[in-house]
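Written below as structure tokens is the structure these notes are about.
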Amino acid sequence: MPARSLDQIRRLAKNRGFIFAGSAPYGGLGSFWDYGPLGVEMLNHVKRSWWQNVVYNRDDVEGVDCAILMNRKVWQHSGHEATFSDPLVDCKSCRARFRADHLVTDAILARETEGENVHRKLRPIIELFPVSLKAAGLQLYAKLRDDEQDAEREANRRLREFQDKVSNGEKTSLDEFFGSLANIPGMPNVSQYAQLFFFVRRHPNELRSALLKLGKVSCPKCQKADWTDARNFNLMFQSHVGPVEANKGTEEELASRVYLRPETAQGIFMNFKNVLESSRRKVPFGIAQIGKAFRNEITPGNFTFRTREFEQMELEFFIKPPQFLQPGEKTDEQWHEEWVEQRYNWWLGLGIDKSRIRKRAQTREELAHYSKATVDLEYLFPGSLGFGEIEGIANRTDYDLSAHSKDVPEDALKRLKLEKNADSVENLDYFDQDAKARYFPWVIEPSCGATRAMLAFLCEAYNEELVKPPAEADIAALKTEIDAAIKNAEKKKKEAEKEKDAAQRKHDPVAIEAFIRDLTEATTRLPQSLAEIDGMLKDHAGAQNLELVKKLSPKVSKLAEDHTRLVLKLHPSLAPVKLAIFPLKKNEPRIVDEARRIKHQFQHLFRTVYDDSAGIGKLYRRQDEIGTPLCITVDFQTLEDNTVTLRDRDTMQQIRVPMEKLKHEVFHRLGMPV
RNA sequence: GCGGGUGUAGCUCAAUGGUAGAGCGUCACGUUGCCAACGUGAAGGUCGUGGGUUCGAGCCCCAUCACCCGCUCCA
């Protein structure tokens with residue numbers, strides 16, 4: 001059974017030297033993580049395995065490693081500078097800059113407080129103003145979600161119609177839009193302005209721009225109502241090349257500004273021609289790259305799942321556009337499908353269980369405008385995270401290479417919604433000898449997070465196994481205490497239910513109920529579920545602040561620790577340490593010498609450790625915790641017949657292996673070529 | 001971003017406003033003939049950080065940071 005919470009993984013990762021919080025002596029820095037001795041080994045293995053899968057094992061892929069900093073124009077023409085999130089607008093009159101969504105919601109609230117149409121349900125929201133403006137929109141959103149999901153869907157549909165009208169220049173107005181919302185069955189009876197809160201927060205810049213204009217929102221600074229279109233604040237980290245002291249936005253500043261790449265892909269596109277010519281490749285072929293990427297995420301979190309600095313493994317696979325295909329050649333759809341399968345199988349091959357990984361085709365609404373189709377691979381992470389994207393395989397058509405080229409046919413520009421590129425001095429196109437045609441290749445892009453992959457593999461490998469059953473009397477006593485804890489929890493639940501004011505509640509009755517249900521169920525599976533219950537008492541949302549649970553928890557922990565082992569069932573190729581060698585008796589020089597000799601024999605091949613600092617049982621458990629697949633123990637018999645015991649991590653079984661067959665046996669079990 | 005919660009040794013957690021502790025882990029020595037053995041000893045803390053109240057703060061107040069849970073968001 002894999003990890004139940006990311007907290008377990010975080011603890012193990014810290015204790016054993018996989019992953020540490022960064023800048024610890026200074027209190028850390030939000031969501032930056034350092035990889036320790038074992039972490040760097042494992043991350044390297046993840047990357048090497050990927051490289052093996054997409055580069056070595058194929059005849060049609062080359063690798064590159066590009067600079068993290070690139071000419072700013074790369075990011076302008078890739079679209080990143082313009083379209084990376086938070087919406088900003090400028091006042092054309094006084095050049096002040098504002099968050100578009102804030103402006104709109106501010107204006108709405110101002111009208112509300114002036115007495116226009118304030119509904120009673122809105123009063124508590126208004127009272128929050130101006131401390132938590134957004135909370136107002138969110139509360140309405142929560143209300144919609146809880147009570148009227150159908151209404152929300154219908155409202156969204158009408159909103160899209162409205163947006164289309166605005167962007168097509170058709171005649172419409174806010175009043176008309178809200179009029180159309182009012183007759184949706186189940187729509188909460190709150191004012192138009194409250195509704196607006198909700199929509200402004202969640203919808204795109206076209207709408208925000210339209211609202212600014214239609215709503216006649218005036219500039220807080222100069223009172224004029226003349227706005228630029230809303231555009232997105234970008235999530236790219238900025239830096240400067242060379243010494244610059246100019247103010248932001250000035251010509252001098254812009255001239256030296258660079259961005260830390262938010263994806264590695266653009267470096268590949270920049271080198272399309274270099275690789276093509278230097279490696280004498282023909283389409284179809286691919287270019288792979290592994291490297292760091294940076295995004296100034298608004299909400300990082302969930303351990304290493306979403307961080308501002310992370311590592312990507314990306315492949316851009318260049319193929320013929322559909323119109324040049326000869327009979328029998330693979331279409332873009334077929335290539336896409338093939339890469340989805342290849343990548344999916346990579347995950348399965350490294351031990352991800354089918355029940356926890358899924359392919360999910362993005363819906364048409366989700367697709368980026370250049371993408372024809374995208375399939376996400378999602379892993380079922382523990383706890384609240386749930387299914388999270390670990391890889392996306394996109395069909396990017398000819399968007400990227402066209403976007404960076406100087407001469408692109410008019411019809412293609414129109415189709416791709418691109419402007420003519422006056423900055424580029426090259427055409428990233430390809431002359432196809434067979435088709436006797438010049439074209440911009442299409443691109444299939446499998447893009448995988450290396451650091452996310454490592455997290456998924458850790459979660460998948462995490463196992464707490466019962467190795468020896470506890471005494472029946474201990475189990476019986478434990479059950480009695482659990483019963484008491486459940487009764488106590490039920491009492492707290494009832495107390496919480498009586499308290500009508502949610503803000504005054506000490507407990508969340510829904511969470512407690514789930515906790516009681518889960519705990520009751522797990523208790524029936526004792527003693528197998530011992531470790532599970534231990535974790536539940538510590539991490540379950542409904543277990544927080546329950547007195548008896550707090551008392552029970554250490555007892556369960558003790559019992560669990562005594563009878564379970566923690567083992568990372570990592571695929572051998574991912575395990576940070578492949579082999580550990582122990583002397584059975586550390587005070588016997590002949591045994592110690594022989595163990596060290598064996599370590600020396602293997603250490604140049606892969607990470608190998610020698611350890612004699614504890615009893616043999618503890619030495620095994622230590623290696624189990626970090627996922628070492630094999631342990632070798634040298635004992636007295638070794639001195640007589642030159643054999644050692646080889647112990648398997650997963651089964652804990654040992655066999656005797658003669659020294660001359662040791663290398664063969666180890667290689668075989670590690671899945672390495674003998 | 002919002003709401004709730006938690007910050008004390010590497011980890012899990014104790015400690016009426018009055019001398020900072022336990023278990024586990026780590027290290028050293030001894031012992032130990034295969035699955036978290038034992039003995040002795042040691043290291044490790046300005047109690048997340050900064051202010052305030054007080055004769056005195058781990059504990060009370062304010063601020064701030066980090067993390068967790070639930071929403072929200074999401075390359």
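Chain letters run A, B, ... following the sequence lines, proteins first, then strands; residues in each count from 1.
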> Can A:R452 be said to sit on top of A:F305's aromatic six-ring, NZ or CZ under 6.0 Å from centre and within 45° of the ring axis?
Replying inline: yes

>> Can you confirm whether more than 12 heavy atoms, excluding those of A:K359, are under 6.0 Å from its NZ atom?
In response: yes

Under 3.5 Å donor-acceptor pairs involving side-chain atoms of residues 589-596 of chain A, not counting sequence neighbours:
{"unit_1": "A:R590", "atom_1": "NE", "unit_2": "A:E588", "atom_2": "OE2", "d": "3.2"}
{"unit_1": "A:E594", "atom_1": "OE1", "unit_2": "A:R597", "atom_2": "NE", "d": "3.3"}
{"unit_1": "A:E594", "atom_1": "OE2", "unit_2": "A:R597", "atom_2": "NE", "d": "3.4"}
{"unit_1": "A:E594", "atom_1": "OE2", "unit_2": "A:R597", "atom_2": "NH2", "d": "3.0"}

> What is the distance from CZ of A:R308 to P of B:A75, rounded to the nearest Å?
Replying inline: 16 Å

>> Ring of A:F387, cation from A:R358 - is the NZ or CZ under 6.0 Å from the centre and inside 45° of the axis?
In response: yes

> Mind checking the C1' distance from B:G45 to B:A15? Whole angstroms is fine.
Replying inline: 14 Å

> What residues form a side chain to side chain donor-acceptor pair (under 3.5 Å) with A:Q266, not counting sequence neighbours?
Replying inline: A:E263, A:H404

> Between A:F20 (CZ) and B:C11 (C1'), how many Å, whole number?
Replying inline: 13 Å

> Given Watson-Crick or G-U pairs with both distances under 3.5 Å, what dot-bracket string fits RNA chain B, with | for other-strand pairs and [ ] for crossing?
Replying inline: (((((((..((((....[..)))).(((((.......))))).....(((((..]....))))))))))))....

>> With rounding to the closest Å, how many angstrom separate the C1' atoms on B:G33 and B:G41?
In response: 27 Å

> For A:F387 and B:C73, what is the distance between atoms CZ and C1' respectively, to the nearest whole Å?
Replying inline: 20 Å

>> I want to confirm an ordering. Mapping A:E389 and A:N302 to their closest nucleotides on RNA chain B, which one lands closer to the 5' end?
In response: A:N302

>> Please give the distance between the C1' atoms of B:G52 and B:U12 as a whole number of Å.
In response: 33 Å

> What one-letter contact string describes nucleotides 40-46 of chain B from 5' to 3', where B marks a base within less than 4.0 Å of any protein heavy atom, S marks contact via sugar-phosphate atoms alone, and - marks no contact?
Replying inline: -------

>> According to ring pair (Phe, Tyr, Trp, His ring centres under 6.0 Å), does anything in residues 628-654 of chain A pair up with another residue at least two apart or in another chain? List the pairs.
In response: none

>> Using a 4.0 Å heavy-atom cut-off, does A:F305 contact any base of the nucleic acid, only the sugar-phosphate backbone, or nothing at all?
In response: nothing

> Distance between the C1' atoms of B:U53 and B:C60, in whole angstroms?
Replying inline: 8 Å

> Expressed as a whole number of Å, how far does the P atom of B:U46 sit from that of B:A20?
Replying inline: 14 Å

>> Tell me which one of A:R622, A:K586, A:K599 satisfies salt bridge (charged side-chain N to carboxylate O under 4.0 Å, His left out) with A:D611.
In response: A:R622

>> Test your reading of the model: is there a side-chain donor-acceptor pair from A:D648 to the backbone of A:D650, 3.5 Å cut-off?
In response: yes

>> Tell me whether A:Q289 contacts the main-chain N or O of A:A265 through its side chain, where contact means a donor paired with an acceptor under 3.5 Å.
In response: no

>> Say we look at B:A57 and B:A66: how far apart would their C1' atoms be, to the nearest angstrom?
In response: 22 Å

> In whole Å, what is the span from the CG atom of A:D7 to the C1' atom of B:C67?
Replying inline: 8 Å

>> Test your reading of the model: is there a side-chain donor-acceptor pair from A:E309 to the backbone of A:F294, 3.5 Å cut-off?
In response: no

> What distance, rounded to whole Å, do you find between the two P atoms, one in B:C47 and one in B:A42?
Replying inline: 24 Å

> Looking only at atom types and distance, does a side-chain atom of A:R649 sit under 3.5 Å from a main-chain N or O of A:L568, one as donor and one as acceptor?
Replying inline: yes

> If you round to the nearest 0.5 Å, how far is CG of A:L579 from CD of A:Q623?
Replying inline: 9.0 Å

> Toward the 5' end of RNA chain B, which comes first, A:S613 or A:N15, by nearest nucleotide?
Replying inline: A:N15

> If you measure from the C1' atom in B:G10 to the same atom in B:G44, how many Å do you get, rounded?
Replying inline: 9 Å

>> What is the distance, to the nearest angstrom, from the CD1 atom on A:I9 to the C1' atom on B:C67?
In response: 17 Å

> Which letter, B, S or -, goes with each nucleotide of nucleotides 29-38 of chain B from 5' to 3', with contact meaning a protein heavy atom under 4.0 Å?
Replying inline: --BBBBBBS-

